[in-house]
Amino acid sequence: MQLNGSEMVIHALKNEGVKVVFGYPGGAALNIYDEIYKQNFFQHILTRHEQAAIHAADGYARASGEVGVAIVTSGPGFTNAITGIATAYMDSIPLVVISGQVPTSLIGTDAFQEIDAVGISRPCTKHNYLVKSIEELPKILKEAFYIAKSGRPGPVHIDLPKDISATIGEFNYPDTITLQTYKPTYKGNARQIKKAVSAILEAKKPLLYLGGGALSAQSSPLIQKFCSLTKIPAVETLMARGILPFDNPHLLGMVGMHGSYVANMAMSEADLIIALGTRFDDRVTGKLSEFAKYAQIIHVDIDPSSISKIVNATFPIVGDVKCVLEEILALLCEDYKEKATLSWRQQLERYRQLHPLGFKDSDSTLKPQWVIQKLGEMLGERAIISTDVGQHQMWAAQFYPFSFPRQFVTSGGLGTMGFGLPAAMGAKKAFGDKITVNISGDGSILMNIQELMTCAVYGINVINIVLNNNYLGMVRQWQTFFYDKRYSETDLEQQPDFVKLTESFGGFGCVCRTKEEFQSALKQAIDSNKPALLDVRIDRMEDVLPMVPTGGALFNMILEYKE
């Protein structure tokens, strides 16, 4: 079949089953957008900023488990997209990002809107391509989707020069791809798995440590089966929230800098840590020399470069979490004796009761934790929750009752303010039957608030709950604890009228100062069938606790702030 390069892009997206694409046109991408105008294979969502296009594709991928797709133009169009690409890269999210580029004859001449997109994207993509001929384009498109979603997922970038996007060639789209230098290992080493099972059988204080890779591997049912069989307690990273439902009796909560007391103490005192799809991030480990120093470590990850990168693994297993866990369960079923860990589980229950995850409620001031809890009571599993980055992100992770995998969409590794609203748009396009809520702060929401216009145009009825404390809250908290209350450039007392701003975009806005107002406003927002923003005025000085200071041991938590 003879097609030009732009038609090849459209047909490749059709062949890959792509349902929605996010993007922003420009000169170097005009040929692609002309073909988008002609096609009826997928919906294109015009965002109001290229960064938002990538975040929206990212949110779609996180919520659905499919590859997210975005298209941008050259020069500033692509540099605007880099923050979104880096966000996806840090959290191992599968994306295919297609950028227009100046014609091949102009590359390297400092042409208008020329930038070395491949050079810029190399550090923050799983793989990238500069298309040099029409003959190689079909194979590149197929490879991009294969690489993005296989092994450890990640973003793949295709830079397509304008002349090649107009050149006609033969479109032979491969059915399968085999790459000599890229062959992910899915099945774990049998000998290592047997050693790991022996360690599990012998452990007196075992702990299951779940990361985002376990989510990517779609291993939640097996993990629940493992916990039910063994009664081994489990902790989740920020990226793993929802793998175990909030009411699972074996779940101790989130671990790390703002993890629960019981989760952090379990990690510190375990004699065996079973790490599934996690990279031992510094926000989880704290001071490395004090981290899990009594424990042997079983580390299962599909990416061999992650194993023993930060913490040495006693039993390294390269493989897909789901595949490895199936083999572990098959070997465990007949031999495991849960009574061996009874005293350990009792000890952890004492820790849970000693310092439960909670807060001091108030009748006069809205507490952000109460807002999250009430949101959970009112929506529960009917909602998909996205967040921006800051205090509100941690409160959401701590207090929302997550019921299923991929219910929580948040930027973990890069910590990108401005992620939440466009990511929620993507999540809503993935699951239109779910109520999609973005929990944000008054600092974060302004970074991509223009996407309320996108929501209004396309009927993407995202509800934004802005926990407004007129501060860059997390930075202010650090200044309170560690900088003698020198609030350098964190006071946001002068803010726009968020209600009028939302209404100007065609949405529903409301200010909430009391519990009654919040509950009423949330119901109105749902019923309004519009994009919405609730300006929730919370206690200005509320802190996220527990907190492990940077460089501190995981067991040395700040449990309350003292003057």
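Considering every non-hydrogen atom in both M239 and L215, the closest pair reads O-CD2, 3.7 Å. When all heavy atoms of G27 and K162 are compared, the pair lying nearest together is O-NZ, 3.2 Å. Taking both residues in full, the closest heavy atoms of K139 and P174 are given as CA-CG, 4.3 Å, listed atom of the first, atom of the second, then distance. Pairing each heavy atom of S99 with each of D159, the nearest pair is OG-OD1, 2.5 Å. Closest non-hydrogen pair, I384 versus A63, comes out as CD1-CB, 4.4 Å. Scanning both residues, L95 and A148, for their nearest heavy atoms gives O-CB, 3.6 Å.
Going from atom OG1 of T125 over to atom CD1 of I120 covers 11.5 Å, rounded to the nearest 0.5 Å. Note that the OH atom of Y89 and the CG atom of D58 stand 15.0 Å from one another [nearest 0.5 Å]. The structure places CD1 of I385 at 7.0 Å from CD1 of I465, a figure rounded to the nearest 0.5 Å. The OG1 atom of T73 sits 8.0 Å away from atom CD of E50, with the distance rounded to the nearest 0.5 Å. Note that CG of L141 and CD of E136 are 10.5 Å apart. Values are rounded to the nearest 0.5 Å. Atoms CG and CG, on L276 and D320 in that order, are 11.0 Å from each other to the nearest 0.5 Å.
For K500, the NZ atom is loosely surrounded, since the number of other residues' heavy atoms within 6.0 Å does not exceed 12. The local environment of CZ in F41 is crowded, with over 12 non-hydrogen atoms from other residues, nucleotides or ligands closer than 6.0 Å. Within a 6.0 Å sphere centred on CD of E489, heavy atoms belonging to other residues, nucleotides or ligands number 12 at most. Within a 6.0 Å radius of NZ in K322, other residues, nucleotides and ligands contribute 12 heavy atoms or fewer. The environment of OH in Y182 is crowded: more than 12 heavy-atom neighbours from other residues, nucleotides or ligands sit within 6.0 Å. More than 12 non-hydrogen atoms from other residues, nucleotides or ligands lie less than 6.0 angstrom from CG of D433.
Two residues are said to be in side-chain contact when any heavy atoms from C-beta on lie closer than 4.5 Å; R48 and F505 fail this criterion. By the 4.5 Å heavy-atom criterion applied to side chains, V67 and E16 are not counted as neighbours. Looking at P496 and L446, their side chains come closer than 4.5 Å, going by heavy atoms from C-beta outward. No side-chain heavy atom of S165 sits under 4.5 Å from any side-chain heavy atom of V9. Within the 4.5 Å cutoff, the side chain of P138 has no heavy atoms near those of the N172 side chain. Using a 4.5 Å heavy-atom cutoff, the side chains of I168 and I134 are not in contact. You'll find the side chain of L238 reaches within 4.5 Å of the side chain of M394, heavy atoms only. Side-chain contact check for V118 versus Q101: every heavy-atom pair is 4.5 Å or farther apart.
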List the steps and the verdict of side chain to side chain contact (heavy atoms under 4.5 Å, CB included) for F145 and V18.
CA-CA 11 Å; F145 278 89; V18 173; 3.9 Å; yes
Run the numbers on M425 and K428 for side chain to side chain contact (heavy atoms under 4.5 Å, CB included), then give the verdict.
CA-CA 5 Å; M425 297 188 325; K428 183 68 173 178; 5.8 Å; no
As a quick check of understanding, evaluate side chain to side chain contact (heavy atoms under 4.5 Å, CB included) for T83 and T416, giving each step before the final call.
CA-CA 8 Å; T83 296; T416 306; 3.7 Å; yes
Would you please test I439 and L375 for side chain to side chain contact (heavy atoms under 4.5 Å, CB included) and show each step?
CA-CA 10 Å; I439 299 171; L375 180 70; 3.8 Å; yes
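Note: F408 and F402 have tilted aromatic rings, judged against thresholds of 30 and 60 degrees for the angle between ring planes.
A donor-acceptor pair under 3.5 Å links the side-chain atoms of Q393 to the main chain of S411, judged by distance alone. Judged by distance alone, the side chain of E114 and the main-chain N or O of D110 form a donor-acceptor pair under 3.5 Å. Within the 3.5 Å criterion, the main-chain N or O of D442 finds a donor-acceptor partner in the side chain of Q495. Judged by distance alone, the side chain of T185 and the main-chain N or O of G319 form no donor-acceptor pair under 3.5 Å. Panel note: side chain K142, backbone I177; no donor-acceptor pair is recorded below 3.5 Å. Of the possible donor and acceptor atoms, none in the side chain of Y37 sits under 3.5 Å from a partner among the backbone N and O of I32. Looking only at distances, no side-chain donor or acceptor of T502 sits under 3.5 Å from a matching main-chain atom of G507. A donor-acceptor pair under 3.5 Å links the side-chain atoms of R540 to the main chain of N470, judged by distance alone. At distances below 3.5 Å, at least one donor-acceptor pair connects side-chain atoms of D388 with backbone N or O atoms of G420. Counting only distance, with no hydrogens or angles, the side chain of N464 and the backbone of A532 share a donor-acceptor pair below 3.5 Å.
A side-chain donor from one of K429 and Q43 sits under 3.5 Å from a side-chain acceptor of the other. At a cut-off of 3.5 Å, with distance as the only test, a side-chain donor of T104 or D163 sits close to an acceptor on the other residue. If you check the side chains of S92 and R152, you find a donor sitting under 3.5 Å from an acceptor. The closest side-chain donor-acceptor pair between Q479 and T490 falls under 3.5 angstrom. Residues H392 and T387 bring no donor and acceptor atom of their side chains to less than 3.5 Å of each other. Looking at T237 and T278, their side chains never bring a donor and an acceptor atom within 3.5 Å of each other. Donor-acceptor pairing under 3.5 Å is lacking for the side chains of H11 and E7. Looking only at atom types and distance, the side chain of Y487 has a donor-acceptor partner in the side chain of T480 under 3.5 Å away.
Partner of R476 under the side chain to side chain donor-acceptor pair (under 3.5 Å) criterion, out of N469, D543, D491: D543 alone.
Between D303 and R279, no side-chain nitrogen of the basic residue sits less than 4.0 Å from a carboxylate oxygen of the acidic one, so the salt-bridge criterion is not met.
Ring pair Y129/H127: centre-to-centre distance below 6.0 Å.
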